[in-house]
Amino acid sequence: MLVSPSLLAADFTDLRKDIEMLNGSEADFLHLDVMDGVFVPNISFGFPVLEPVAKICKKPLDVHLMIVEPEKWIGQVRDLGADIMNVHQEACLHLYSTVQHIHAAGMKAGVTLCPATPVSVLEDIIGEIDMVLLMSVEPGFGGQKFISRTLDKTRQLRDMIKRSASKALIEIDGGVNETTGRLLAEAGADILVAGSYVFNASDPRAAITTLKSL
């Protein structure tokens with residue numbers, strides 16, 4: 001299992017400490033949740049925070065834009081050195097074009113679905129994307145309870161990927177812990193985003209290792 005700890009749950013009074021912890025851990029990515037207070041009812045952090053984080057983080061950056069008009073920020077996400085740029089299907093009027101522009105910028109393209117959005121909306125584009133991020137909580141706030149329906153959506157998405165011969169990875173974000181992580185692994189998930197489970201743990205590196213083993 002691949003693991004992408006979410007910076008949203010880190011200690012913002014000492015981000016360097018938490019990022020250095022991640023650098024020395026088995027984490028595969030650093031998940032960065034950017035919120036604008038419009039697409040979701042919260043504001044997280046922007047590029048003034050992301051730029052210094054990117055300079056000291058040794059893990060590939062998994063940037064998740066919970067914002068309107070995410071296509072306007074492709075260049076700045078690229079300039080961070082991001083490996084993956086995730087945009088919401090619900091926020092993109094011209095999703096195919098946005099995916100093409102992300103690829104043209106040299107990044108992998110991810111498409112995120114909110115809990116109420118069916119995976120079927122990706123039928124015509126699944127072969128063009130590198131990742132699908134399923135939100136297993138409502139986007140905008142950390143620490144929410146895992147929505148169990150996500151397990152069925154993960155199975156449906158895994159079946160779609162197999163049928164289409166797509167190489168897209170399945171990432172899950174929200175309410176991930178050892179118990180839900182194991183269920184998601186069985187359902188076909190490839191990457192687990194974990195915030196509170198990692199950063200609130202007495203031993204965050206051990207928590208990451210636990211998820212890695214699922």
Side-chain angles (χ1 to χ4, degrees), residues 1-12 15 17-19 21-35 40-42 44 57 59-64 66 84 86 88-90 110-120 122 130-162 168-214:
M1 180 64 67
L2 301 177
V3 179
S4 188
S6 174
L7 187 73
L8 195 63
D11 180 2
F12 276 74
L15 281 179
K17 172 182 65 68
D18 279 348
I19 292 169
M21 177 277 294
L22 290 177
N23 286 342
S25 76
E26 294 185 70
D28 299 281
F29 304 95
L30 172 60
H31 192 81
L32 301 170
D33 289 305
V34 180
M35 306 176 190
V40 294
N42 199 6
S44 57
C57 182
K59 303 293 183 178
L61 302 180
D62 172 17
V63 180
H64 175 197
M66 292 183 249
I84 303 166
N86 262 297
H88 272 262
Q89 182 271 342
E90 302 89 353
V111 176
T112 307
L113 301 181
C114 290
T117 304
V119 298
S120 59
L122 299 179
D130 304 289
M131 173 190 290
V132 178
L133 171 55
L134 297 180
M135 293 300 301
S136 44
V137 298
E138 287 294 340
F141 297 92
Q144 298 180 57
K145 183 180 178 181
F146 178 80
I147 297 173
S148 59
R149 168 67 178 151
T150 310
L151 296 172
D152 288 335
K153 289 181 70 174
T154 303
R155 296 185 190 99
Q156 292 169 10
L157 181 56
R158 175 56 62 198
D159 180 63
M160 181 193 300
I161 289 171
K162 287 181 179 179
L169 298 177
I170 300 174
E171 183 175 46
I172 311 296
D173 184 0
V176 170
N177 54 39
E178 182 178 0
T179 300
T180 57
R182 182 172 291 107
L183 294 173
L184 287 164
E186 293 171 354
D190 300 297
I191 307 172
L192 299 178
V193 176
S196 301
Y197 177 75
V198 168
F199 290 103
N200 292 345
S202 58
D203 187 343
R205 292 189 189 185
I208 292 169
T209 299
T210 295
L211 295 179
K212 286 282 294 179
S213 67
L214 298 177

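For Arg149, the salt bridge (charged side-chain N to carboxylate O under 4.0 Å, His left out) partners two or more places apart in sequence, or in a different chain, are Asp152. With sequence neighbours excluded, no residue forms a salt bridge (charged side-chain N to carboxylate O under 4.0 Å, His left out) with Asp18. Take Asp159 and apply the side-chain hydrogen bond (donor to acceptor under 3.5 Å, both in side chains) test, not counting sequence neighbours, and it matches Arg163. Checked against side-chain contact (heavy atoms from CB on, under 4.5 Å), Pro118 has the following partners two or more places apart in sequence or in another chain: Ser120, Val121. Evaluation of the side-chain hydrogen bond (donor to acceptor under 3.5 Å, both in side chains) rule for Thr180 yields Asn177 as partners, not counting sequence neighbours. The side-chain hydrogen bond (donor to acceptor under 3.5 Å, both in side chains) test applied to Gln89 returns no partner, not counting sequence neighbours. Under the side-chain contact (heavy atoms from CB on, under 4.5 Å) criterion, Val119 pairs with Leu113, Leu134, Lys153, Gln156, Leu157, Met160, sequence neighbours left out. With sequence neighbours left out, His31 forms a ring-ring contact (aromatic ring centres under 6.0 Å, His included) with His64. With sequence neighbours excluded, no residue forms a side-chain hydrogen bond (donor to acceptor under 3.5 Å, both in side chains) with Thr179.
Every pair passing salt bridge (charged side-chain N to carboxylate O under 4.0 Å, His left out) that includes a residue from residues 187-209 is listed here, sequence neighbours excluded: Arg158-Asp190. Among residues at least two apart or in separate chains, salt bridge (charged side-chain N to carboxylate O under 4.0 Å, His left out) pairs with a member in residues 24-34 are Asp28-Lys212. Every pair passing salt bridge (charged side-chain N to carboxylate O under 4.0 Å, His left out) that includes a residue from residues 172-187 is listed here, sequence neighbours excluded: Glu178-Arg182.
Of the inter-residue distances, the one linking Glu171 atom CD with Met135 atom CE reads 9.5 Å to the nearest 0.5 angstrom. Rounding to the nearest 0.5 angstrom, the gap separating the CG atom in Leu8 from the OG atom in Ser196 is 8.5 Å. How far CE of Met1 is from CG of Leu214: 6.0 Å, rounded to the nearest 0.5 Å. Between atom CD1 of residue Ile172 and atom CG of residue Leu184 there is a gap of 5.0 Å, rounded to the nearest 0.5 Å. Atom OG of residue Ser44 and atom CZ of residue Phe12 lie 7.5 Å apart, to the nearest 0.5 angstrom. Interatomic distance, Leu183 CG to Ser136 OG, rounded to the nearest 0.5 Å: 11.5 Å.
In this structure, the side chains of Met131 and Val111 stay at 4.5 Å or more apart for every pair of heavy atoms. Side-chain contact between Leu32 and Asp62 is absent, with no heavy atoms from C-beta onward closer than 4.5 Å. Proximity of Leu169 to Asp130: side-chain heavy atoms (C-beta onward) are nowhere separated by under 4.5 Å. Under the 4.5 Å side-chain criterion, counting only non-hydrogen atoms from C-beta, Val137 is not in contact with Pro115. Between Phe146 and Leu151 there is a side-chain heavy-atom pair separated by less than 4.5 Å.
Between Cys114 and Glu90, the shortest heavy-atom distance links the atoms N-OE2, 2.7 Å. Of all the heavy atoms in Met21 and Phe199, the pair that sits closest is CE-CE2, 3.8 Å. Val40 and Pro139 get closest at one heavy-atom pair: CG1-O, 3.6 Å. Minimum heavy-atom separation, Tyr197 to Ala194: CB-CB, 4.5 Å. Counting all heavy atoms, side chain and backbone alike, Pro5 lies closest to Val198 at CB-CG1, 4.4 Å. In plain terms, the two heavy atoms of Ala201 and Pro204 that are nearest each other are O-CD, 3.6 Å.
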Determine whether Leu30 and Leu22 satisfy the following criterion, side chain to side chain contact (heavy atoms under 4.5 Å, CB included), listing intermediate values before the conclusion. CA-CA 8 Å; Leu30 172 60; Leu22 290 177; 3.5 Å; yes
Decide side chain to side chain contact (heavy atoms under 4.5 Å, CB included) for Ile191 and Val3; before the verdict, give the C-alpha distance in whole Å, the side-chain angles of both, and the deciding distance to 0.1 Å. CA-CA 6 Å; Ile191 307 172; Val3 179; over 6 Å; no
Is there a side chain to side chain contact (heavy atoms under 4.5 Å, CB included) between Leu7 and Leu15? Walk through the geometry before answering. CA-CA 9 Å; Leu7 187 73; Leu15 281 179; 3.8 Å; yes
Give the C-alpha distance, both sets of side-chain angles, the deciding distance and a yes or no for side chain to side chain contact (heavy atoms under 4.5 Å, CB included) between Val176 and Val193. CA-CA 7 Å; Val176 170; Val193 176; 5.7 Å; no
